[in-house]
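Right, one structure below, let's go through it.
The basis for the numbers below is simple: all heavy atoms, side chains too, and nothing from hydrogens, waters or symmetry mates. Worth saying up front: this structure is predicted, and the values here are computed from it rather than measured.
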Amino acid sequence: MAEATNTDYSLDQPINSSFGLRQGLTSYGDAHFSLFLRKVFIKALGYSEEALEKPIIGIVNTFSGFNPCHANTPQLIDAVKRGVHLAGGLAVEFPTISIHESFSSPTSMYLRNLMSIDTEEMIRAQPCDAVVLIGGCDKTTVAQLMGGISANKPILHLVTGPMMPGKHKGVRIGACTDCRNNWAKFRAGQVELEDIAAVNEELAPTGGTCGVMGTASTMACVLVGLGLMPFAGASAAAVSAARLRVAEKTGSNAVAAFKAREALRPQELLTRESFLNAITVLQAIGGSTNVVVHLMAIIGRHPKVTGTITLETFNEIGQKTPLLVDLKPSGQNYMTDFHDSGGMLALLHQLKPLLYLDALTISGLTLGQELAKASPLAVPRELSCIQPFDQPLYPKSSSVVVKGNLAPGGAVIKASASKNRKLLNHSGRAVVFSNSEDMARRIDSPDLDVKHDDILVLQSIGPVGNPGMPEAGMIPIPRKLSAQGVDDMVRISDGRMSGTAGGTIVLHVSPEAADPSSVLGIIQNGDIISLKVEEGTLNVNIAEEEISRRKQERLGQVGGPWLERESMRGYRGLYMRSVTQAEEGADFDFLRADGPSKSQ
Ligand code: FES
């Protein structure tokens, strides 16, 4: 049996705390005693002295019975451990909270920052030399990256991978674009009750993340763009052997990352160019609008990058980036098709002219060197859902930031997901709902005064107005219009929209309606709103004096979450007092790299 090293218990010799079990000792006032105690307890798990000499690779376990997107986590952990041990490390798993979209009330976004705190502090507190972050469902990878950057130990993402598509009456379907499409048809009376029930059985036929280019898939692709995951890691199916091989490789990569740890800490590895690559990927895949908010939060955690990228950067990159990937909701296919078309390896080869190829990846090689190592398989054109660079599906800017007197802080629209492109430049009469309850009460009323060319406005679903900024921005088409065949209208809100949804939908309007300074909050029925995506503007034709008058009138009305938050307790109070607006990522002000620099 191996013996404890001399320095462990020799009181006159310093402890080598540069890596492994001896780093970050619990404070008992006596470092040697602290190490002695730590060894007492870890030996209760059967570890030998020899095992305890190895670098420790932490594996974040986000398995939960409430998270089917993470159903394969136990198998992934086994495979990661195999990779770590083959490479000479010691793998130790530990839990953090787990967030699933449908099991988080009021929303998963409300808990994202909490998960990031959990992830950051547990990485920092425990003796890990590098950490494999297993996650997948929308907010989890984001929270893990936010926390990982702040903790600043080498991090390697391993997403759980997309689910397989299902079938109904011979037609492929999958969560969650087809959840929404089928539900909208059911609401309009175009789908029978027994069909909607049968569809419900098939929309998520396996574990794994939503199988379209929703937020989870978008983040997976963005993580590859950032250099934090192998190419195949974004798209190999959750239930595939390929996914397990990615997991094993991630384990061995983590040991290598430990060895090169000074260069591969996220605050060193990730540069402005890494994030510009990520935004290029986001635009080229027609990615989720949620990821605009998420990237701003992630960037806000990075002391050297925060402030160098703004919402305008997304437009600048969008102007030169074509939409190349034909996946729902912008297109027709599923993540398994993307994988079969060559996935991120094939896409990044197409995007090479736009990428910063010198950006470092977690392997220690640059993105250019990684691409040079592997050529994508030659998939026949007609079988691929990845377009050549010069034959795009959409010439530029799948997601566009618009600004104007209605959104001085900015708003986002996924232009590529519009069902009626004429609406991207449209003026119309506002039909206003003051909050989600008001909308639910009146949207399907036969008495609602609404026409197909009106603009639907939903207030008070922003970060503070409706904690967690719910994905309610895809305001349903009023039933009396959908029954006439209307399937798209301009819709505007301060909330978010599922990455799996589509339509001409303006989101994340800032400042949000709950903010007394907001113009969105004083819009009234009949105001004329003008959306010009080509020009990047969103305005309402109310005179400045009238805007001031309405704001003053509103100030006189006491109450609302903006004021009530000062006296709220617990996490709700922390969230309400600390959450930033969408253009800063809706992170907590005190978690940003520059600290609570702004007060609301
Ligand atoms: Fe988890 Fe869609 S619900 S990725």
Side-chain angles (χ1 to χ4, degrees), residues 168 171 173 176-200 203 289 328-329 406 411 413-415 417-461 465-466 470-498 500-507 509 513 520-531 533 538 540-542:
H168 177 64
V171 176
I173 54 175
C176 225
T177 305
D178 300 322
C179 310
R180 297 169 202 287
N181 292 346
N182 279 282
W183 189 252
K185 286 182 189 163
F186 177 62
R187 272 175 51 84
Q190 296 160 3
V191 167
E192 299 297 326
L193 188 59
E194 54 270 26
D195 277 318
I196 200 73
V199 161
N200 186 269
L203 281 164
T289 47
K328 293 185 175 194
L406 186 45
I413 178 169
K414 189 179 195 175
S418 169
K419 292 182 181 165
N420 178 355
R421 300 251 156 110
K422 284 189 191 147
L423 292 176
L424 294 174
N425 292 287
H426 177 74
S427 294
R429 195 181 61 136
V431 175
V432 182
F433 301 96
S434 58
N435 52 45
S436 299
E437 293 73 36
D438 180 37
M439 185 194 76
R441 200 169 48 245
R442 296 193 294 124
I443 189 81
D444 287 335
S445 166
D447 299 329
L448 182 69
D449 179 13
V450 64
K451 303 195 299 286
H452 74 279
D453 55 356
D454 286 339
I455 293 180
L456 305 178
V457 176
L458 177 55
Q459 299 167 324
S460 298
I461 58 167
N466 196 332
E471 292 184 340
M474 194 181 79
I475 305 166
I477 304 294
R479 191 178 288 163
K480 70 180 185 185
L481 295 180
S482 64
Q484 295 165 17
V486 176
D487 67 351
D488 198 7
M489 296 173 73
V490 176
R491 288 159 270 180
I492 298 173
S493 75
D494 46 5
R496 297 177 299 115
M497 169 177 89
S498 165
T500 62
T504 310
I505 300 173
V506 180
L507 303 152
V509 170
L520 181 68
I522 51 120
I523 294 278
Q524 295 176 355
N525 286 329
D527 290 339
I528 302 298
I529 294 174
S530 177
L531 169 68
V533 170
L538 179 65
V540 57
N541 75 336
I542 319 175

Worksheet entry | Any side-chain heavy-atom pair of R180 and M474 under 4.5 Å | yes
Item to complete: For I528 and S427, work out which heavy atoms get closest and say how close.
Response: CG2-CB, 4.5 Å
Fill in: Rounded distance (nearest 0.5 Å) linking atom CG of L203 with atom CH2 of W183
11.5 Å
Worksheet item: Any side-chain heavy atom of I413 sitting closer than 4.5 Å to one from L507?
Response: no
Worksheet item: Can you find a pair of side-chain heavy atoms, one from R491 and one from V457, that are under 4.5 Å apart?
Response: no
Item to complete: May I ask you to check whether R496 and T289 show a side-chain donor-acceptor distance below 3.5 Å?
Response: no
Worksheet item: Under 4.0 Å between a Lys/Arg side-chain N and an Asp/Glu carboxylate O for D487 and K185?
Response: no
Worksheet entry | Any V506 side-chain heavy atom under 4.5 Å of L531 side chain | yes
Worksheet item: After noting the C-alpha distance and the side-chain angles of D527 and R429, does the key distance pass the salt bridge (charged side-chain N to carboxylate O under 4.0 Å, His left out) rule?
Response: CA-CA 6 Å; D527 290 339; R429 195 181 61 136; over 6 Å; no
Worksheet entry | Closest approach of G428 to I455 (non-hydrogen atoms, all atoms of both residues) | N-CD1, 3.7 Å
Contacts table for residues 435-446: side-chain donor-acceptor under 3.5 angstrom, sequence neighbours left out:
{"from": "N435", "atom 1": "OD1", "to": "E437", "atom 2": "N", "distance (Å)": "3.1"}
{"from": "N435", "atom 1": "OD1", "to": "D438", "atom 2": "N", "distance (Å)": "2.8"}
{"from": "D438", "atom 1": "OD1", "to": "R441", "atom 2": "NH2", "distance (Å)": "3.3"}
{"from": "D438", "atom 1": "OD1", "to": "R442", "atom 2": "NE", "distance (Å)": "2.8"}
{"from": "D438", "atom 1": "OD2", "to": "S434", "atom 2": "N", "distance (Å)": "2.9"}
{"from": "D438", "atom 1": "OD2", "to": "S434", "atom 2": "OG", "distance (Å)": "3.4"}
{"from": "D438", "atom 1": "OD2", "to": "R442", "atom 2": "NH2", "distance (Å)": "3.0"}
{"from": "R442", "atom 1": "NH2", "to": "V432", "atom 2": "O", "distance (Å)": "2.8"}
{"from": "D444", "atom 1": "OD1", "to": "R187", "atom 2": "NH2", "distance (Å)": "2.8"}
{"from": "D444", "atom 1": "OD1", "to": "R479", "atom 2": "N", "distance (Å)": "3.0"}
{"from": "D444", "atom 1": "OD2", "to": "R187", "atom 2": "NH1", "distance (Å)": "2.8"}
{"from": "D444", "atom 1": "OD2", "to": "R187", "atom 2": "NH2", "distance (Å)": "3.2"}
{"from": "S445", "atom 1": "OG", "to": "D447", "atom 2": "N", "distance (Å)": "3.0"}

Discussion item. Side chains of F433 and I461, heavy atoms from C-beta outward: is any pair under 4.5 Å?
Written reply: no
Worksheet item: Would you say the side chains of D195 and H168 form a donor-acceptor pair under 3.5 Å?
Response: yes
Practice prompt. Heavy atoms only: give me the nearest A513-Q459 pair and the separation to one decimal.
Written response: CB-CB, 3.8 Å
Discussion item. I need the single residue from L481, T504, I475 that forms a side chain to side chain contact (heavy atoms under 4.5 Å, CB included) with M489. Which is it?
Written reply: L481
Worksheet entry | Non-hydrogen atoms of N425 and V533 that approach each other most closely | OD1-N, 3.3 Å
Worksheet item: So do the side chains of V540 and I523 get within less than 4.5 Å of each other, counting heavy atoms only?
Response: yes
Fill in: Min side-chain heavy-atom separation I173-V199 under 4.5 Å
yes
Fill in: Donor-acceptor pair, side chain of N182 and main chain of C179, under 3.5 angstrom
no
Discussion item. Looking at D488 and G503, would you say the former's side chain and the latter's main chain have a donor-acceptor pair under 3.5 Å?
Written reply: no
Fill in: Contact summary for I505 and G502, nearest pair of heavy atoms
CD1-O, 3.6 Å
Discussion item. For S493 versus L520, what's the shortest heavy-atom pair and its separation?
Written reply: C-CD2, 4.2 Å
Worksheet item: Quick one: does L538's side chain get under 4.5 Å of I529's, heavy atoms only?
Response: yes
